[in-house]
Amino acid sequence: MSFRIVTTNWFRLTLPLLIVTFAMVCQNQIVELTYSNREIITSLPYALFIFTIVLAHAFKQSRIAMVSATMLLAYWVIQSRLQSPLSTGTTIFELSLLTLLMPISLLLVLSYRDASIFSKPFALYLFKLSIFFIWSWVTLSYIHEDGLDDLNNTFLFVWPSVSQLPFILVIFSLAMVLIFSIFLMSRNNIIDAVLYTTALLSSVTYAFIHITFISSTLFSLAGILLLLYLINASYELAFNDNLTDIPGRLALESDLRHLGKVFSIAMVDIDHFKSFNDSYGHETGDDVLKLVASKLQKVGKKARVYRYGGEEFTILFKGREVPDTLSELEELRAALEEYKMVIRNKDARPKNDKVGSKQRKTKAKSNTVNITISIGVADNLDFDTVAEVMKAADNALYKAKKTGRNKVCSA
């Protein structure tokens with residue numbers, strides 16, 4: 001299975017669902033296995049979540065560490081407070097609080113950026129978790145004094161044929177899992193996959209908490225998936241270009257090993273980029289690179305774009321010869337030539353929204369520039385190795401630069 005398939009939103013959506021389905025189908029076998037190794041398996045989630053937090057610190061993925069800390073706390077609550085029948089004491093209410101606060105805690109993760117765990121955002125998140133914990137403790141003390149009869153007949157009404165969890169919380173959990181799945185399908189970021197997976201597995205655990213060892217099983221699986229997502233995140237950091245958010249040189253070298261029988265390679269270079277950088281500054285130069293990268297990604301469905309280095313990009317066309325690519329490459333070149341990029345004067349930028357709105361209404365004059373690119377393309381029909389095709393495409397690019405720039409040349 002290629003790495004690209006593993007990182008698609010559909011794969012990330014269906015994998016946790018398949019895992020949950022498998023766990024429920026093989027429930028009896030899992031219970032037998034867990035019972036014979038119960039001390040190890042019931043302790044496994046603690047080890048997995050703690051290891052994930054340590055590893056997340058090393059990779060500066062504090063948001064995954066936040067999710068792991070939340071799961072660690074939730075699992076501790078299950079093991080220390082929810083091992084008695086739901087009908088006794090405040091067990092059902094404690095389970096309800098956990099079901100309610102878990103997805104809310106996960107949503108809070110989206111308000112932070114990644115850093116190490118010894119950072120202000122991570123400390124602030126832990127503080128919010130502690131607030132939830134203290135509030136739950138105080139609420140439980142109040143409920144314990146006044147009893148649960150009224151709540152059981154209203155908010156904590158249970159539909160036994162559906163779940164032992166209050167029905168209103170079953171609906172709430174489904175809604176939250178759906179929201180996280182929408183985030184995953186629309187954005188497909190690692191953190192979206194992490195939040196969706198943990199929300200799904202924890203919700204299923206709470207809904208079927210009466211099943212023996214279900215918390216140990218599903219929380220262990222959640223810990224394993226969190227570790228896999230963490231490794232996935234480190235892979236993306238290594239293989240993706242941070243500035244343009246497209247695959248980088250390492251990803252290109254990896255994909256060059258799996259091109260098939262027919263392929264074309266296009267080398268793309270931004271014209272006069274150095275003088276442009278010198279004239280307008282490196283920040284504007286970075287904006288140009290981002291713009292070109294975003295335009296290149298629209299070249300075609302079967303094409304894959306990489307940042308080769310500096311102002312140079314590479315496009316791979318699998319299963320296509322040079323003639324099949326020329327029209328798309330020409331459209332790309334023309335689209336960039338026609339695009340007018342606004343050069344903003346950051347020193348003259350308004351300090352508040354009111355002044356900015358006034359300037360936009362009066363259509364304040366801004367400097368605009370046209371960006372052009374030169375492209376060289378070659379296929380493997382006349383060459384024996386990938387390296388020869390790359391060199392041919394590079395020579396075609398050199399020809400385009402030498403003969404006036406802003407054009408597409410083939411080998």
Side-chain angles (χ1 to χ4, degrees), residues 3 6-7 11-13 15-16 18-20 23 34 37 39-80 98 101-130 132-133 177 180 183-184 188-206 213-240:
F3 179 77
V6 172
T7 56
F11 183 87
R12 288 170 171 170
L13 182 77
L15 179 61
L18 291 173
I19 288 174
V20 169
T34 305
N37 303 276
E39 290 185 6
I40 296 174
I41 294 179
T42 54
S43 301
L44 183 59
Y46 291 120
L48 288 171
F49 294 135
I50 291 171
F51 184 61
T52 301
I53 292 171
V54 173
L55 208 58
H57 170 65
F59 293 150
K60 297 189 184 302
Q61 296 290 318
S62 59
R63 291 193 293 179
I64 294 180
M66 292 173 190
V67 175
S68 298
T70 306
M71 294 292 283
L72 182 64
L73 178 60
Y75 186 68
W76 175 82
V77 170
I78 292 171
Q79 294 301 310
S80 61
L98 187 60
L101 294 176
M102 181 76 180
I104 295 174
S105 300
L106 295 178
L107 271 178
L108 289 176
V109 173
L110 292 173
S111 62
Y112 299 99
R113 292 187 176 182
D114 281 315
S116 71
I117 65 172
F118 298 119
S119 61
K120 186 178 178 181
F122 189 74
L124 186 59
Y125 182 79
L126 292 183
F127 174 73
K128 290 178 180 178
L129 277 186
S130 65
F132 284 160
F133 185 82
V177 171
F180 286 123
F183 288 161
L184 174 60
N188 195 27
N189 295 326
I190 286 289
I191 192 61
D192 296 320
V194 167
L195 294 174
Y196 163 72
T197 299
T198 51
L200 175 64
L201 293 178
S202 61
S203 295
V204 173
T205 301
Y206 305 148
F213 298 125
I214 191 169
S215 61
S216 301
T217 302
L218 293 187
F219 272 65
S220 293
L221 291 171
I224 292 169
L225 287 175
L226 283 178
L227 281 172
L228 292 176
Y229 287 135
L230 193 57
I231 294 169
N232 191 179
S234 67
Y235 181 97
E236 287 191 356
L237 284 174
F239 281 73
N240 272 23

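Exactly one residue among L44, T217, I214 makes a side-chain contact (heavy atoms from CB on, under 4.5 Å) with T34. That residue is T217. Checking each of L218, L221, L200 against P16 for a side-chain contact (heavy atoms from CB on, under 4.5 Å) leaves exactly one that passes, namely L200. When each of L195, N188, L107 is checked for a side-chain contact (heavy atoms from CB on, under 4.5 Å) with F183, only L107 meets the rule.
Annotation: side chain of L225 is in contact with side chain of I19 (closest heavy-atom distance under 4.5 Å). Side-chain contact between Q61 and S234 is absent, with no heavy atoms from C-beta onward closer than 4.5 Å. When side chains are defined from C-beta on, D192 does not count as touching F180, because their heavy atoms never get closer than 4.5 Å. The shortest side-chain heavy-atom distance between F133 and L101 does not fall under the 4.5 Å cut-off.
The two atoms that bring L126 and A69 nearest to each other are CD2-CB, 4.1 Å, heavy atoms only. Of all heavy-atom pairs between S116 and H57, the closest is CB-ND1, 3.4 Å. Between A65 and I53, the shortest heavy-atom contact is O-CG1, 3.8 Å. Shown here for Y229 and I190, the closest heavy-atom pair between the two residues is O-CG2, 3.9 Å. Closest non-hydrogen pair, S203 versus A199, comes out as OG-O, 2.6 Å. Pairing each heavy atom of L230 with each of F59, the nearest pair is CG-CD1, 3.8 Å.
For Y112, the ring pair (Phe, Tyr, Trp, His ring centres under 6.0 Å) test picks out no residue, with sequence neighbours left out. Partners of Y46 under the ring pair (Phe, Tyr, Trp, His ring centres under 6.0 Å) rule, at least two apart in sequence or in another chain, are Y75.
To the nearest 0.5 Å, atoms CG (N37) and OG1 (T42) are separated by 10.0 Å. Annotation: the span from I231 atom CD1 to L55 atom CG amounts to 7.0 Å, rounded to 0.5 Å. The line from CD1 of I191 to CG of L110 is 7.0 Å long, rounded to the nearest 0.5 Å. With rounding to the nearest 0.5 angstrom, the CE atom of M66 is 8.0 Å from the CG atom of L124. We find the CG-OG distance between L48 and S220 to be 6.0 Å, quoted to the nearest 0.5 Å. Remark: N232 CG to R12 CZ distance equals 5.0 Å, nearest 0.5 Å.
The aromatic rings of F219 and F49 sit perpendicular to each other, their planes meeting at more than 60°, with 30° as the lower class boundary.
With no hydrogens or angles considered, a side-chain donor-acceptor pair links Q79 and S215 at under 3.5 Å.
Y125 contributes no side-chain N or O that, together with a main-chain N or O of V67, makes up a donor-acceptor pair within less than 3.5 Å. Looking only at distances, no side-chain donor or acceptor of T197 sits under 3.5 Å from a matching main-chain atom of V194.
Counting heavy atoms of neighbouring residues, nucleotides and ligands inside a 6.0 Å radius, atom CD1 of I104 exceeds 12 of them. Residue F51 places its CZ atom among 12 or fewer non-hydrogen atoms of other residues, nucleotides or ligands, all under 6.0 Å distant.
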Problem - Check against side-chain hydrogen bond (donor to acceptor under 3.5 Å, both in side chains), R63 and N189 - result: CA-CA 12 Å; R63 291 193 293 179; N189 295 326; over 6 Å; no
Exercise for the section: Take L108 and F132, measure what side chain to side chain contact (heavy atoms under 4.5 Å, CB included) needs, and give me the verdict at the end. Expected result: CA-CA 12 Å; L108 289 176; F132 284 160; 3.9 Å; yes
